[in-house]
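When a ligand or atom number is given, it counts from 1 through the structure's own listing order. All figures in this text were calculated on a predicted structure; none of them were measured in a lab.
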Amino acid sequence: MKKVVKFGGSSLASARQFKKVGDIIRADKARRYVIPSAPGKRSSKDEKVTDLLYACYDAASSGESYKKILNKIKERYSEIINGLDLNVNLDHEFERIEDNFKKGVGRDYAASRGEYLNGILMAAYLGYEFIDAAEVIFFDDNGAFEAELTNRELSERLEHVERAVIPGFYGSKHDGTIKTFSRGGSDVTGSIVARAIHADLYENWTDVSGFLVTDPRIVENPEVIETITYKELRELAYMGASVLHEDAIFPVRREGIPINIRNTNRPEDKGTLIVESTCRKPRYTITGIAGKKGFCSINIEKAMMNAEVGFGRKVLGVFEKYGISFEHMPSGIDTMTILVHQDEFVEYEQSVIAGIHRAVEPDRVDLESDLALIAVVGRGMKATRGTAGRIFSALAHARINVKMIDQGSSELNIIIGVRNADFEAAVRAIYDIFIETEI
Ligand code: ASP
């Protein structure tokens, strides 16, 4: 059994957290490949080392004073070294980093040092081999991740390495320059390593006990999702639910490796298992509810619209011209509605309306702003009658007017549009009807 374990920044923010991580790793022999993030926040007011590194680099490379920030970074690592009694000295590493900052070697290099140094400490603490991610994770000259090359090199490199620490978040281009993934990218590294070693499981340790059915800022103490499929996760993540980096799904998904989201501060919790498909019945009819505010709808009316071939294409062409992506497009016989992100749209509002008039000569174009979209996602909906009925009666009871409904043919999700002002109440009403009343 082989497991890849990734620990997020808050799990490695201090010596105290490192000890918890050490206990977790030692508790299971299968936890052989460890991907650390950089030290994160110790409290809500604290700073992430990655953010300090960016700030330090910006100052150093533009000739401003940077020593104060650099010292803050050094202190973060000293606290861990001293707290764990490690026989490691990072002075040389810091000298090299400082030189490189002054030379202006790049922001990606700067940010990556957070995971690099944490990896050195983690390897020393566990007695595992340290493998610099720059030697095994590759990007092309344009900065695109090279999945196949990386997979080959990494599998080869790890074939005879029993236990290793590989820092998350970065790799290198062919000329040796350091390149990072986007923020939160250690999740991606973990997934890449899991694929390369054909792991049985990719454990992603963070500071929550898995995915919650809905946003805890809206519903107090929501239930944790036990099992979720990649597809469901994509739907929820797209609508704003975030625990895992979006790109972390792809490498393991191709290999059918499950991801288990776990909580470093509550290792006894089972967390959430993310799988390709499952016959485990979801506990409730729905798996999750996510949503976002700030949409606006463009309602187009034209008699006999349905008979006009190419009508939709011409309308969407106008949005394309201004680089606006549309989110949903419910339509009737003589009406078509396009939902877009309000902040993407406002700048081009008048040009788009004029463009639509020119392209399809509609009878009317109306705009409605301040809409929220809610996605109710669940593989269980397919087999259950009356899901939509329950959603809408719950909303009606809560006196919420539904502005739009969209259900894909996959029957994996139902999207509901409501006014921004009704958003929280609507999420609560849907949560209550499916979770509270099914408990
Ligand atoms: N340390 C990086 C960040 O703060 C990457 C990561 O934690 O995954 O975004």
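- Residue contact check for ligand 1: G184 places a non-hydrogen atom closer than 4.0 Å to it.
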Stepwise salt bridge (charged side-chain N to carboxylate O under 4.0 Å, His left out) check, R254 with E148: CA-CA 12 Å; R254 327 169 44 134; E148 297 317 313; 3.4 Å; yes
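- We find that D108 and K179 are joined by a salt bridge, their nearest charged nitrogen and carboxylate oxygen being less than 4.0 Å apart.
- Inclusion of D187 in the set of residues having an N or O under 3.5 Å from an N or O of ligand 1 is not warranted.
- In this structure, a donor-acceptor pair under 3.5 Å is present between the side chains of E232 and T229.
- S186 OG, 3.4 Å is the protein heavy atom nearest to atom 6 (C) of ligand 1.
- Near T50, meaning under 4.0 Å from one of its heavy atoms, ligand 1 places the atoms 1 (N), 2 (C), 3 (C), 4 (O).
- The only member of L86, I120, L90 that meets side-chain contact (heavy atoms from CB on, under 4.5 Å) when paired with Y77 is L90.
- We find that E203 and R32 are not joined by a salt bridge, their nearest charged nitrogen and carboxylate oxygen being 4.0 Å or further apart.
- Taking every non-hydrogen atom of S37 and a distance limit under 4.0 Å, the qualifying atoms of ligand 1 come out as 6 (C), 7 (O), 8 (O).
- Ligand 1 places these atoms under 4.0 Å from at least one heavy atom of R183: 3 (C), 4 (O), 9 (O).
- Not one N or O of K6 is nearer than 3.5 Å to an N or O of ligand 1, by distance alone.
- Close approach of ligand 1 to E115 is summarised as follows: ligand atoms under 4.0 Å from at least one heavy atom of the residue are 1 (N), 2 (C), 5 (C), 6 (C), 7 (O).
- Taking 4.0 Å as the cut-off, H245 does not count as a neighbour of ligand 1 on heavy-atom distance.
- Under the 6.0 Å distance and 45° angle rule, R253 does not count as a cation-pi partner of F250.
- Ring geometry for F101 against Y109 counts as perpendicular: the plane angle is over 60°, on a 0 to 90° scale with 30° as the lower cut.
- Heavy atoms of G185 approach ligand 1 to within less than 4.0 angstrom.
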